[in-house]
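As structure tokens, the structure follows; a few thoughts come after it.
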6 protein chains.
Amino acid sequence: MPDRLRRTSDLSWSEYRERAIDSVVLLPAGAHEQHGLHLPLDTDAFIAEALAARVAEAIDGLVLPCLAYGARSLARSGGGDGFPGTTNLDGGTLVALVRDVLREQYRHGVRRAVVLLGHGENDPFAIEGANLAAREVRDPAFRVLVIGWWHVVPDDMLASLFPEGFPGWDLEHAGRVETALMFALAPERVRRERIGSVDPVVAPAFTEVPARSGRVPSQGSLADPRGATADGGAQLVKAIVAGLVAAIEASFGPRGAARP
Amino acid sequence: MPDRLRRTSDLSWSEYRERAIDSVVLLPAGAHEQHGLHLPLDTDAFIAEALAARVAEAIDGLVLPCLAYGARSLARSGGGDGFPGTTNLDGGTLVALVRDVLREQYRHGVRRAVVLLGHGENDPFAIEGANLAAREVRDPAFRVLVIGWWHVVPDDMLASLFPEGFPGWDLEHAGRVETALMFALAPERVRRERIGSVDPVVAPAFTEVPARSGRVPSQGSLADPRGATADGGAQLVKAIVAGLVAAIEASFGPRGAARP
Amino acid sequence: MPDRLRRTSDLSWSEYRERAIDSVVLLPAGAHEQHGLHLPLDTDAFIAEALAARVAEAIDGLVLPCLAYGARSLARSGGGDGFPGTTNLDGGTLVALVRDVLREQYRHGVRRAVVLLGHGENDPFAIEGANLAAREVRDPAFRVLVIGWWHVVPDDMLASLFPEGFPGWDLEHAGRVETALMFALAPERVRRERIGSVDPVVAPAFTEVPARSGRVPSQGSLADPRGATADGGAQLVKAIVAGLVAAIEASFGPRGAARP
Amino acid sequence: MPDRLRRTSDLSWSEYRERAIDSVVLLPAGAHEQHGLHLPLDTDAFIAEALAARVAEAIDGLVLPCLAYGARSLARSGGGDGFPGTTNLDGGTLVALVRDVLREQYRHGVRRAVVLLGHGENDPFAIEGANLAAREVRDPAFRVLVIGWWHVVPDDMLASLFPEGFPGWDLEHAGRVETALMFALAPERVRRERIGSVDPVVAPAFTEVPARSGRVPSQGSLADPRGATADGGAQLVKAIVAGLVAAIEASFGPRGAARP
Amino acid sequence: MPDRLRRTSDLSWSEYRERAIDSVVLLPAGAHEQHGLHLPLDTDAFIAEALAARVAEAIDGLVLPCLAYGARSLARSGGGDGFPGTTNLDGGTLVALVRDVLREQYRHGVRRAVVLLGHGENDPFAIEGANLAAREVRDPAFRVLVIGWWHVVPDDMLASLFPEGFPGWDLEHAGRVETALMFALAPERVRRERIGSVDPVVAPAFTEVPARSGRVPSQGSLADPRGATADGGAQLVKAIVAGLVAAIEASFGPRGAARP
Amino acid sequence: MPDRLRRTSDLSWSEYRERAIDSVVLLPAGAHEQHGLHLPLDTDAFIAEALAARVAEAIDGLVLPCLAYGARSLARSGGGDGFPGTTNLDGGTLVALVRDVLREQYRHGVRRAVVLLGHGENDPFAIEGANLAAREVRDPAFRVLVIGWWHVVPDDMLASLFPEGFPGWDLEHAGRVETALMFALAPERVRRERIGSVDPVVAPAFTEVPARSGRVPSQGSLADPRGATADGGAQLVKAIVAGLVAAIEASFGPRGAARP
């Protein structure tokens, strides 16, 4: 489990004052969404938060409390809204939530924020929230990076993890990559005995409203989670953290750099 | 720290299906708000979540992920928005968030939900969210209880904790009660050495926009936290959990009762 | 009934121009809500408007038209939404209404505004509206005071009105204080013959959605209105007006002071 | 001034219960808007409320508290937003206000409601609010009539009032008709000495944002108010009330008819 | 059919950059609404777009893509929402759409925009959208003209077209004027054989929600379209284009003038 | 250019009544967004509309007017908001627009609708709008398919078009595929002479707010448009139409089937 040393939630207001203003502040944005039979409903939130803690350690940044609920799950990338427990926010709710949290950090002096996504469906709404916050504060010095951890997984690592060919990120829902990450980050949270094959159903890229039954594997995983290992997960974590740090430094300048 | 056994976030979707529908589901609603020099920014969220876990244990219920951000802090009850780190949601954002999370539980079959408040300012907006969810689902069998832990603290316990007279819940922000609760729930999270007297300033009950300086104690605690003890906190926790259980059973019927 | 001399509604635009810009402008915010068997549905609006007129007289201010509809009535402080006639605004509607009216006064040059609440449930939404107006105008010189008349009733007066102990403002709905105020302000509007005891039911501080029957006295008054007198009401009016004037002057500086 | 006997604001909740459900309930919708040099800012609200009281008397109906603030004033029909005191609601705010008030009457059993407009600019937004309320309640038995008093002024009366030709309702802002109505309804509220000619400027039917100076008469009246008389006003009131009653009965059936 | 030379939709981004910033940019705002038995559902959009193209030609301006859907059709001016195909936007949707499109043109440097209405019901919502855009950009140099083509039809032309007296613009829905315009602009789109008399029903100026049957002619035309000719239409087009150009030049200064 | 025979905009209301209710109705959803130096700003709208017309022909369906403005352009898939002419709708605006148009078709009897996307960024917001419409109408017989034309391009066709390897749909903005489609659909709208190489810049998959310069090729095309041919485009059109027809029939059943 991520340590708490870099969490704003652990700071008092005076500690936040000392630490936050010149730091990069990370907002993990997860979901409460089915993740197959073997992973918990908070998988996206948990991974985002764990990675954010590691990134914060690397860049001397801070982590805000994770958004525990995310955007509507889609059949193609999350199985859709039919699985029990999947708790969708309306798009407008998530937009407002991201906007408000970012705007408030700006109000306290923060100028560099990262929304670290653990749930693919959050991406457009988090970007919208960041844009609304930016429009409202009217200060180009305020900069936000909206990034999913999957955006920085190196191609060669995918090639090695998927010798049969990488099926694409949409299908990697509760599949080999997320399972490997959970093995690395919190092995006790994975129900090993429930890892198994999944129905040979490939959810279409388009979306039907209401969802039609039979469009996603009945297990909830969109791809076969077998083959995930803690070792593979540890390599992924390492590569992702490095990739996120590189993206952040490319966007905001190297740590220690004066604020823009 | 609360155990994770009752958390929906720990369940897979099939476990949620088995467990949630006939259960009372609790949604803790906290804040990311200054709590004096000695308590962390997530105090309201942490207390709400910890109490929810204990209540869930007592009534065989479940706990949803806590809302980590809350309604605008008021000078009179939270010190207002000036302290660094205090991260206010707009009222409409919180309303939408509560509405969405409740509506989704209903969609999956839940009929009895509790919004357990750890932050006083959340109360009206959580009630609004619950009303909007109820209006939308149009099913009187769906019932929501919106309750703050302070609503059930027995008067005699307050009399004993405050022999000089209880100053009222608004002022009990980062004061003796919250500090005692944190001593009982997570003593390692209290900065003991920073507990001290607070400026003899009493925030007015009315609200000035923008906030005026000098209206709240500069420490952030609205009342003196001294005198808080782990023992007092443990008694409070016990009494609050009992009070919450009683309120829930009064609203929804005793555990084990058939759903309405 | 309050005289009309201080009402913006009585002014022509050229008179408003002369009078308003350097004045404190008061916006009474009432409700259309049950007030027991003996008081009219507009009690909160009527009291807020009457007090605003007296305050305006004292500080050479102006009174805007009262908001005649207010926030959702809660069981604990207004009996809830079940009583016929109670006309709740959604929270977002009241927020927008307060925001718009304040923003427009600012647009015409007003820099000091008071939202004078006659209905407890309006408080958080009026504060939200004032904050949104302030955020929009982006001018710290624009200052708003959101205040309920009950915020300034002196403790010793309560002690004298309630020798048996003051039950708290939430329960003082259509009880002794509001009834006394109506006796003083508009005795002809009180149905004397319908003043009587109320069911010995104490609404809980928490909120159930939907409301459960039997949670509030069937009469609608949350506390016994007997014992209210016109004399007591007159003293209350005097003390409240003085208290409001003091709060306004503390916030905005004494009348006649140059604008900030 | 309209009598209070038909006002819901004067009723207790039990009186509302007896009276409202089978009645036609009228919601006057006014404005706080410049009305030339001789009429007060609440002219639209005052006329709507006064006419509603007379209509309610005629049909044994009830009058809700008037909406005191209205939609954005347009140059062509209200002089626009530049005149001091003109207090515009955003369109969305007025829509929500009308929707909420109507929905709440429905909730209490009312099935026939009239939004009686005193301000032309309210029309589209009141219609929108009525549509949203109807969509929400999903009951075709709930019927709303949105009507302006000018919709029922007989042509022959206009011909007689304007022997030189009626300039159209848009220009009749603080002109001969409204002035005559105020002479009839509240002569003491008309500044007789300030009635005079107006600049020979005719506001265009289209709208410029921001408003351009010189587009409306500097007095604020869009047409010459001279020639208005109390007698003419009394005839107008009589004809309008008769016209409104006829429209209401045409829409809802004659008074005394069983509810649909 | 209007030529495409002046359409922003035909430009590449670099051509827009060269052409738009110093130009007047026109946004036609139509509807998808019944227009009797003889005209197509896009009549309002088609006319607005065709006139905008001609105006753009005259003033060296540009035309944005037409808003193809418009505000809720009213019985009095469009037949109401009962006719199949009539596709109403909620008021708030249209407001947001106009606001966004205008705000984006401003962002790219445009300072003079015209919303050219083809649908009467759009007027208040387009004005609202223009006001919200103006409030947001906070730059008085940004100016918007909201104008319907009917605002500039000369009285003498109406007198000539309607020797029996002009029935007013509300009733001119799919009547003689719109039919003549379509004859002139796109004769092949008029079903000549379906032009005929209409029921002698005059929709009232007020609005009933839900709409009552029998309130508008069953054909959908609110006035008799017979008598429309291509010649009359051509004269109307010419006069309207001249009127629009005059209004635009009056608002923004003559073409070629330096930007304000 | 697509023929108009299948467009609802070309129908009168009585024709819509006959044709629409049992038909599949297609709503093309485009954008007004830069498409490199050689394609017009309406490329996404134009392609969506042209394909919708062909699909409608194949399934005996109807095409609604295209949404001419789309969701915020992202750097990674559209170049972002910096290119002149790119006209972004706020997410909430597009959601409301799609919701309203779909809800209105349902109101008139339509039960099978397709939102045919021409702009990748529309996808999540169109899905949101479809979900809100479905939630509102509360009728599971109402079914919506949200689909982008790129969702059905066969892999082998991509392999043949991109012998060097397909770079992914995000980068195919104003690249070889869109250019080929425009060559096939409207060759006269392609500026052949401006087709050339693009800067060797690959926009990152994550999003920076505000956009940083240098992140996308300065031409606006995200991938090299060279190699696009009319023949290739014609094959793409044929394959896409077939793919869309197959997806629609898979979702709604074959044409001619009874409505569900």
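The chains referred to below are lettered A, B, ... by the order of the sequence lines, with proteins before strands, and numbering in each begins at 1. What you see is a predicted model; the values in this text were computed from it and never measured.
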Side chain, backbone, both or neither: which part of [X] has an atom under 4.5 Å from a heavy atom of chain F?
| X | answer |
| --- | --- |
| E/Thr87 | both |
| E/Glu104 | side chain |
| E/Leu64 | both |
| E/Gln219 | backbone |
| E/Glu33 | neither |

If you count heavy-atom pairs within less than 4.5 Å of chain E, which of [options] leads?
| options | value |
| --- | --- |
| F/Val95, F/Thr86, F/Thr43 | F/Thr86 |
| F/Val101, F/Asn88, F/Leu37 | F/Asn88 |
| F/Ala96, F/Gly36, F/Pro65, F/Ser14 | F/Pro65 |

| Max heavy-atom pair count under 4.5 Å with chain F, selected residue of E/Gln34, E/His35, E/Arg191 | E/Arg191
| Greatest number of heavy atom pairs closer than 4.5 Å to chain F - which of E/Arg194, E/His32, E/Glu15, E/His38 | E/His32
| Short question: side chain of E/Asp44, backbone of E/Ala31 - any donor-acceptor pair under 3.5 Å? | no
| said: Does any backbone or side-chain atom of F/Leu39 lie under 4.5 Å from a heavy atom of chain E? Answer side chain, backbone, both or neither. | reply: backbone
| F/Phe83, part contacting chain E, at a heavy-atom distance under 4.5 Å | both
| task | Return the orientation label for the F/Tyr16 and F/His108 ring planes: parallel under 30°, perpendicular over 60°, tilted otherwise. | result | perpendicular
Do [X] and [Y] have side chains that get closer than 4.5 Å, going by heavy atoms?
| X | Y | value |
| --- | --- | --- |
| F/Arg226 | F/Ser197 | yes |
| F/Pro40 | F/Met182 | yes |
| F/Leu185 | F/Ile47 | yes |
| E/Leu11 | E/Arg7 | no |
| E/Arg189 | E/Phe183 | no |

| query | Would you call F/Arg103 and F/Asp100 a salt bridge, using N to O less than 4.0 angstrom? | reply | yes
